[in-house]
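Within every chain, numbering begins at 1; the chains are lettered A, B, ... in the order of the sequence lines, protein sequences first and strands thereafter. Note that the structure is a prediction, hence the values are computed from the model and not measured.
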Amino acid sequence: MKLNKLMLTMAAAALALTAVSCSDMLDIPQKGVLDYNTYYNTDEQITSADIAMYLEVRGWEYNVKLCKAMFTDDFWAGGSMRGDNTDLEHLNEFTFDAEQDYIQSMFTTYYTLIYKANVILGHVDEELGAVAKQARAEAKVFRAFAYFDLKTMWGNPPLVDHELAPSEYNVPNGTDEELWGLMEQDLTEAIASGALAEKTSVDDNATWRVTKQFAQALLGKVYLWQGKNAEAAAQFDAVVASGKYKLFEDYSGLFRSANKHNCESLFESNRVHDDNNSFQNFSMYALMTNWRMDKINWPADTPIMNTGWGFRVPTKSLYDDFVKEEGKNGYRLNESLKTLDQLQSELGMSLKSPIISEGYFMWKLRILAEERGMGNDYVYAANTLWMRYAEVLLCGAEAHLAAGNADKAAEYVNMIRTRARIAPKASVTLEDIKVEKRLELFGEGTRFQDLLRWGEGAKMSENGKQYPQLQANGQVTWVSCNNPAYGFKSGKHEHLPYPATEIRLNSEIKQNPGY
Amino acid sequence: MSNSALKRLAALGLSLLMGLSLAAQPRVTVSGTVVDDQNVPVIGAGVFQKGTTNGVVTDLDGNYSISVPTGATLVFSSVGFTTQEVVVAEAGTVNIRLATDTEMLEETVVIGYGVQKKSDLTGSISQVKSEDIENRTITSPESALQGKTAGVQVVTSSARPGASPSIQVRGVSSNGSSYPLYVVDGRRTNSISGIDPNDIESMEVLKDGASAAIYGAEAGNGVIMITTRRGQGDGKISYSYQLTSQSLNRIPKVMNAEQYMQYFMENGRYTLQDFYGNWDFKTNTDWLGYSYESSLMQHHNLSFSAGNDKGNLYLSATYLDNNGMFVGDADVYQRLTFMVNGAWKFKPWLDIQTNNQVEYYTARSVSEGSDYGSAILSALQLDPLTPPTYAEADLPEFMRDYLAAGRKLLQDENGDYYAASYFNPSENVNPRVMRDRSYSDSHGFNINGSTAVNLTPVRGLTFTSRVGYRLSAGDSYGYSLRYYINQNAYQNYIGLSGSDNNSMYYQWENFANWMHQFGKHSVTVMAGTSFSSSRSFSMSGSYRGSDDDLGVTQDDPLFYYFGSHSANAVPSVSGATPNIARKLSYFGRANWSYLGKYNLQVSFRADAADLSVLPRPMRWGYFPSVSGGWTISEEPFFRPLKGVVGFAKLRASWGQNGSLAGLGGYRYANVIASTGNYPTGNGLEYILGYAPSSTGNEELKWETSEQLNFGIDLRFLRDRLTFSADWFNKQTKDLIVTGITPSTVVGVAASPVNAGNVVNSGLEFELKWRDQIGDFSYGVSGNLSTLRNEVTYIHETLSDGIDGTGVRNYGTITRFEKGYPAWHFYGYKFTGIDPKTGDAMFEDLDGSGDVTQADKTDLGSGIPKLTYGLTLNAAWKGLDAIVFLTGAAGSKIYNCLTVVDYPSNRLSYFTEDRWTPDHTDGTMPAASASNWQQFLTSSGVVFDGSYLKIKQIQLGYTLPRSFTRKFKVDNLRIYGSLDDWFTFSNYPGFDPEVTGSGSSLGVDKGVYPTSKKVVFGVNISF
């Protein structure tokens, strides 16, 4: 019996032992992350939070830039044939619904940027010093940058100006006053803070941060869209008056990676060649927008990247506007678009088999082989320009004209025309500015919002009713879709739909009419 | 051996076995009554002349009468009794009293940290025994449960070689992982796929909350206990071999070449000109025929078994080689397993038992299950106008251009080029290109088992200390080739990849069982603790070339290894962060039984999760249960019924279980993680971006299932007929939902939240009849379960539901939504075709005048309302036969096999009766309909998922022992079987049984279907 008792004791001890000794072992620390509650204290931490916003914006190249182009009368949703990318076709032809993937991603990325800005504004104490002040000022600019697109394309998106607690997830649509008010306030405060970067001179191409002038230009746009023309003009004038920007001489060269952060650039996202970290520069943009290279015969030494899906194809109407303004041999036209003939004569290329096109090829934002990441079609190293001086001048011209200052308007427009090597105009009309803006900025993501503001969405009302097939011999045959469902519909397409998932998840939001 | 030769062989064998028969002759008459030990007449007992088929059965009063020759031996038998033999001397009366066969009544069931007599059970536990598993073509233990027990649904999301189905016990109760906990010889695990079904003695499914509660936090989705084989007898060597020929069962119908041409001209995509230029008007490729072939599966099992009252030993080795139906050797699963089970009673107070298993596997597979393209889907979507291959001289011009441009075109074994489709340049390309453009295989081993030391210091008290472990390691290696087929499918270099992982898991459990009897009471108490810990570590890397650089030093498979990468190949490495998870638990259970009539059981378990799973304050979960049983057949008032109803018991139970829905990786934590690096100039100077990766949720807690169960067990007619029925209601609360964004405007991914409640309720019936008439024995067992599943609550931050899976970019098609079954189908209600345009029409539910996203609605669910199984078996002399069928009803299937982004071939179902200008009353959209995408997210592509499958028709013959003894063979059985041969279903896809799982339950995106099988097998033992 002694043995039994001994064993009983041992057993009980073993039981107790497992229980006691193990409970500490449950506290396993997490690797590779930092604690939210104690972050945002050092300059390095604050900068990293700031950089997260730059990274978010850089990701916009693929969907935001591409979508905005698709919504216009400047481009076809191309490809080798219809159905190559039905999503882009839906955007281009206004047959998208609330489930549309690209629109959902756009909406999501804007709010992701807003969240990252809100984190900084909620967590970074400006008393911490200059870095903290700058991060806060930049957060306000980025937040306004996102809201500008949300407001102008969706109308009344929910206003989120702080990190939401779970009880606040169902946010109703924001009002015009709230939304414009927040943008005005954010930009005004950021500009006044003195914390934003500024270029040292017009030749400074090392400043990559958000600048005070970018904030001013953005504020100018915020005013312009509201019809506050005098206030808008003042902001654009301030950018001009800073003397830190001018138009870049070599028109299409201003988009090249060799000329990043050039004198015309107000804000751009930076990319570099780094083969060891190529996916840090991941972007489908180049592949999506480059010419449909498998349908093209190209010489071995072609400067154009030799793969591409050709989904962003210029329209004849754009080309015609160019010809009307500057003739077939215009300098800016030649730096902007190429015809099939020019592809043959200048680049030694020819068309192999049909593609969707009217015979015009994007040249301004061409995709160069040398800017493609090494051995990888999904990496592209050219910067993405989000705002350049030309836009400031054209917006300034419009604001001045509306505010009654026609001379200033002509002056600004003529700066653009001079660089485009066409004759200046003695005076300009709003129509002149509209045309100039289309030619100067097509493909850069301003036209859709402009057309909505000008109430000219009907320009896209024929989109998709038929589409062109460019034959190898240069002839265009038209295929009719013959369905009234296609094209911009007034009363509906003035706004994009809130994503279906948002409607399902947010009980307070009201969908835009027609979706 | 070819498939047809096999079929012939099987047919020959079966017809030979059927041809045997025997006869008998009469003499004197003997009659009498057969009663049991309480003098109750035994109805239907068999009375037979030994060694003949001459026999009768007793009538309702237990009487019989039979003519036999004098000196013959009469055999009296009935299920539940021990058989008696009497030698007949003369005509007259022979009354017999049969003794109860105690062995059967005392059958025990494994219940977790102990066993219990079947008659004492108070919960709902189903059992599958080795005889239900033997000689099947299943390769994973999960499959053994299908159709054999009520309340268990086997969800097959792929039937590729080596794939394991997942199991749902009593419905979908979580929207994360809904899989049960597996306990193999006491070792908790989430995977049992490596166990060879031959090595299983029994599987128990703890279905109700009270039974499962002893496993507390992990038991929310039910518990499946597996007991592997123990050695028995004085030395038995068994070998079994099974040869299976597999081939594609149901072949979905797609358009042929001519129909394709007609369709896409109507569609406007192509003109006749296009076809003149690019089709020879002869080619009509059967891509399915080109993709699948009949293939072989072989299964060997050798085992050694011995045991006595001191101990036992069981050794087994199994080799499984399954080369799947996809053409070539691209889908292969090979597995070698060893099992070593032993036990020894060292002292009267000490015995030790150990179960150990070693598994080595190697696997290759083809792509499947993606609506964006897979080898499975491409065979359905490629146009039949393109031939599989071209000889070099016959290459079409566009492929010549590829070659001229320096593109690499893949070739088959004859040197012919795999054809690129001119008509359908989608990502779904020639299935053999999808097979050949990359190579990857994986290998790995698992060593696992458990060892228990049982101490019995005093009578009635057993203390057990048990260690379970699992050591595993695996690696995968692969390369992707330089190839070109179209703009959507190409690569300009060789890519290499490799990964390596290992993990170690152990658990240590200490528990004591104490049994005590006083008077008419009997009490059992169990208490214990458990600690488990796992660590896994993996690393993977790759090298990638570029346009200008092949990536390897030589273009030869012998150089497709990391060691031969080119100087400029880009490396990438990931992983190498150890993952550690631990769990600590306390548990206890008490049983009280009075006169064997009343049983009451309570249990409790407390579980603590580590920090990677739940925040510290929410770490502990507590899971109580109570259950009771009343054996009314033991009551005096029941006596008169006893002749018919020998046993009757009512059961009731209530219990709580938990689930962590596969949580881990600190997903509740609000932490700052890197978002990439941003270059600040032209050079490679970067600043890292850091941002919160999720909202964080410090309130996250265990998901709790609360289940009520009522059941009845009945045994009739001397236990030949058994019946049990259960009703359950299982409410899962605080459901853990992961991977959701609450509302887009929140701007960041949500951490997991306790977001909803789900109710599952249903009825389960199991009925078994078995009987023996002389040499003929037969049995029928059936089961049927109903299930009602509904999401009853969704957290207010999520409005009323969560989106599940979608199809391409066409939209969401499943939802987890209040008032509907979990992950119900969601889309437009297709109402027919507009006779004017050929467009599909949908119901405008909100009456807005337009069909918008607001008109999407419930379109049914992939969860069957009814599942059933039926097994019939019969044996006569050496012959035996089994027919096993199973089915489901009330489920729907969302068919995603058709896409409209490219001129992809479509299922004939959608094209045969389409609208055309001449056929305006067609029931399917016109080829040119403008709203095909909406149609593909509508009820137009939702089908009835009901099916009935005859899983097994097996005939076997055991050679007479008198004959086999001459060769020292104890038992020799040969058999032939048709498995998964007949399927009754209206579904136009591959296989109604194989669709997605989880949030894709019932969604068919083109997955590897179940094959039909011809089986030949032999079992031999010495």
Fill in the blank from the handout: Okay, B/A669 and chain A: the region with an atom under 4.5 Å from a heavy atom over there is side chain
Problem - No-hydrogen, no-angle side-chain donor-acceptor test under 3.5 Å, A/R504 and B/T812 - result: yes
Completion exercise
To the nearest 0.5 Å, atom CD1 of B/I580 lies from atom CD1 of A/I28 at 6.0 Å
Fill in the blank from the handout: Counting heavy-atom pairs under 4.5 Å with chain B, the top scorer among A/D84, A/L55, A/T47 is A/L55
Practice task
Working to the nearest 0.5 Å, report the span between OH of B/Y810 and NE2 of A/H90.
Solution key: 9.0 Å
Practice task
Mark yes or no for whether A/N270, through its side chain, and B/P679, through its backbone, hold a donor-acceptor pair below 3.5 Å.
Solution key: yes
Problem - Under 4.5 Å from any heavy atom of chain A - which part of B/R808 - result: neither
Practice task
Give a yes-or-no answer on whether the side chains of B/S612 and A/Q30 include a donor-acceptor pair shorter than 3.5 Å.
Solution key: no
Practice task
Please flag which part of B/L684 lies under 4.5 Å from any non-hydrogen atom of chain A: side chain, backbone, both or neither.
Solution key: side chain
Handout entry: Nearest-0.5 Å distance, CD1 of residue B/I672 to CD of residue A/Q45
Key = 8.5 Å
Practice task
Pick one of side chain, backbone, both or neither for B/E397, based on which atoms fall under 4.5 Å of a heavy atom in chain A.
Solution key: neither
Problem - Donor-acceptor side-chain pairing of B/D901 and A/T86 below 3.5 angstrom - result: yes
Practice task
Using modelled atom types only, decide if a donor and an acceptor are shared between the side chain of B/R582 and the backbone of A/M25 within a distance under 3.5 Å.
Solution key: yes
Fill in the blank from the handout: Applying a strict 4.5 Å limit to non-hydrogen atoms, the region of B/A581 in contact with chain A is backbone
Practice task
Answer yes or no: is there a donor N or O on one side and an acceptor on the other, between the side chain of A/Y115 and the main chain of B/V746, under 3.5 Å?
Solution key: no
